[in-house]
Amino acid sequence: MLNIIIFGPPGAGKGTQSAKLIEKFGLKHISTGDLLRAERKAETELGIQASEFISKGELVPDSVVVGMVENFMAANTESKGFIFDGFPRTIPQADALDHLLEAHKTRIAIVLGLEVDEDELVKRLLARGKESGRADDQNEDTIRNRFSEYNAKTQPLINYYKSQDKYTGVDGMGEIDRIFEDLSKAIFKLNGSAGL
Ligand code: AMP
């Protein structure tokens with residue numbers, strides 16, 4: 001299995017690059033943001049509870065997102081690998097993911113970090129909010145809160161994965177195709193990915 005985490009702050013391009021990586025490497029996409037939005041749309045209990053956190057720009061509790069990822073993986077055991085997008089976002093989520101993968105006799109191969117300036121991120125989020133209608137991309141207070149959550153709880157994961165020798169940072173500014181090439185090169189460099 002080839003398991004990849006696509007990492008970065010809100011607006012870094014994780015969704016865009018995930019779509020291209022999935023196509024190229026035949027992986028299953030797990031976006032906890034997409035899963036939560038689907039729950040919210042279906043008005044499930046989980047979706048209604050998560051809604052409050054999402055609209056304030058706060059992280060949804062770890063147990064909720066870990067449970068969703070666990071269910072998704074259990075339903076897709078035949079997959080060649082997963083690309084985790086927007087997950088993990090906290091150290092406890094990363095620990096839970098390590099245990100989940102261990103139970104499936106696999107592990108994270110690489111963490112690809114998209115590195116983008118904060119000014120550019122705000123511009124991208126506001127533009128995306130206009131296009132997609134996503135409420136949490138339109139409200140500046142919510143956006144600010146998402147960055148402060150990222151800085152406090154998610155950014156420490158860079159050192160977590162650096163200490164496991166799994167983190168590769170990629171310049172996430174500029175052309176989508178150039179960024180994708182850099183990500184693909186990092187994957188091809190991995191030992192054991194030659195057979196892909
Ligand atoms: P995203 O689409 O990844 O930007 O996620 C949108 C919102 O969903 C975030 O601002 C959080 O409120 C929530 N969310 C998504 N993924 C997670 C996660 N792994 N942990 C906690 N909250 C999450």
Side-chain angles (χ1 to χ4, degrees), residues 1-19 21-22 25 27-39 46 49-50 53-54 56-77 79-116 118 121 136 145-170 172 179 182-183 186-187 189-193:
M1 268 185 131
L2 175 67
N3 299 305
I4 297 171
I5 294 173
I6 186 107
F7 187 86
K14 300 188 293 294
T16 304
Q17 295 296 337
S18 290
L21 290 167
I22 286 151
F25 295 99
L27 306 173
K28 274 266 173 201
H29 187 212
I30 306 188
S31 156
T32 43
D34 286 351
L35 292 174
L36 288 166
R37 280 184 288 277
E39 295 279 347
L46 188 156
Q49 282 172 5
F53 294 94
I54 296 171
K56 285 191 220 147
E58 289 172 9
L59 293 185
V60 171
D62 290 335
S63 58
V64 173
V65 282
V66 169
M68 282 191 332
V69 170
E70 195 169 1
N71 291 340
F72 188 94
M73 286 179 65
N76 291 280
T77 47
S79 168
K80 273 174 68 179
F82 294 100
I83 179 154
F84 297 93
D85 165 2
F87 177 88
R89 263 173 152 105
T90 64
I91 302 268
Q93 289 181 22
D95 283 336
L97 179 60
D98 281 347
H99 289 124
L100 263 176
L101 291 170
E102 225 173 273
H104 287 264
K105 301 203 166 21
T106 185
R107 63 190 185 91
I108 290 296
I110 191 167
V111 179
L112 297 166
L114 292 169
E115 297 173 349
V116 180
E118 194 155 320
L121 293 171
D136 62 340
N145 226 355
R146 285 160 72 198
F147 283 123
S148 75
E149 288 280 75
Y150 173 81
N151 290 329
K153 297 175 185 165
T154 309
Q155 207 182 15
L157 289 175
I158 295 178
N159 278 336
Y160 178 95
Y161 287 113
K162 274 187 179 165
S163 72
Q164 294 186 15
D165 225 3
K166 289 184 177 167
Y167 184 85
T168 300
V170 165
I179 299 165
D182 288 355
L183 295 174
I187 296 170
K189 261 203 216 154
L190 287 170
N191 285 336
S193 65

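For clarity, every value in this text was computed on a predicted model and none was experimentally measured.
- Put simply, CZ on Phe72 and NZ on Lys28 are 5.5 Å apart, with the number rounded to the nearest 0.5 Å.
- Surrounding NZ of Lys166 are more than 12 heavy atoms belonging to other residues, nucleotides or ligands, all under 6.0 Å away.
- Minimum heavy-atom separation, Pro88 to Ala94: CB-N, 3.5 Å.
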CA sep, side-chain torsions, deciding dist, call: Tyr161, Ile5, side-chain contact (heavy atoms from CB on, under 4.5 Å): CA-CA 10 Å; Tyr161 287 113; Ile5 294 173; 3.4 Å; yes
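- Remark: side-chain polar atoms of Asn3 are not paired, donor with acceptor, to backbone N or O of Ala109 under 3.5 angstrom.
- Between the side chain of Glu115 and the backbone N or O of Gly169, no donor-acceptor pair lies under 3.5 Å.
- Rounded to the nearest 0.5 angstrom, Ile108 CD1 and Gln164 CD are separated by 9.0 Å.
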Stepwise side-chain contact (heavy atoms from CB on, under 4.5 Å) check, Val65 with Leu36: CA-CA 8 Å; Val65 282; Leu36 288 166; 4.1 Å; yes
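- Between Phe7 and Tyr150, the ring planes lie tilted relative to each other; the angle falls in the 30° to 60° range.
- The CD1 atom of Ile22 sits 10.5 Å away from the CD1 atom of Ile30 when rounded to the nearest 0.5 Å.
- Although no hydrogens or angles enter the test, the distance criterion places no donor-acceptor pair under 3.5 Å between the side chain of Lys14 and the main chain of Gly86.
- You'll find the side chain of Phe84 reaches within 4.5 Å of the side chain of Val69, heavy atoms only.
- The structure places CD1 of Ile4 at 3.5 Å from CD1 of Ile187, a figure rounded to the nearest 0.5 Å.
- Contact detail for Phe147 and Pro10: the closest heavy-atom pair is CE2-O, 3.9 Å.
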Intermediate values then yes/no, side-chain contact (heavy atoms from CB on, under 4.5 Å), Leu157 and Val111: CA-CA 10 Å; Leu157 289 175; Val111 179; over 6 Å; no
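- Residues Ala186 and Leu112 share a closest heavy-atom pair of CB-CD2, 3.8 Å.
- Enclosure of atom NE2 in His99 is not indicated, since only 12 or fewer non-hydrogen atoms of other residues, nucleotides or ligands lie within 6.0 angstrom.
- Across Glu149 and Gly57, no two heavy atoms sit closer than the pair CG-O, 3.5 Å.
- Note that CG of Asn71 and CG of Leu35 are 9.5 Å apart. Values are rounded to the nearest 0.5 Å.
- Shown here for Asp136 and Arg146, the closest heavy-atom pair between the two residues is O-NH1, 2.6 Å.
- When each of Thr154, Asp62, Asp98 is paired with Gln93, the side-chain hydrogen bond (donor to acceptor under 3.5 Å, both in side chains) condition holds for Asp62 and for no other.
- A side chain to side chain contact (heavy atoms under 4.5 Å, CB included) with Gln17 holds for exactly one of Asp85, Asp182, Ile179; it is Ile179.
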CA sep, side-chain torsions, deciding dist, call: Leu2, Lys80, side-chain contact (heavy atoms from CB on, under 4.5 Å): CA-CA 6 Å; Leu2 175 67; Lys80 273 174 68 179; over 6 Å; no
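- Using a 4.5 Å cut-off on side-chain heavy atoms (C-beta onward), Gln49 and Val60 make no contact.
- Here the CG atom belonging to Leu97 is positioned 12.5 Å from the CZ atom belonging to Arg107, to the nearest 0.5 angstrom.
- Between Asp95 and Pro92 the shortest side-chain heavy-atom distance does not fall below 4.5 Å.
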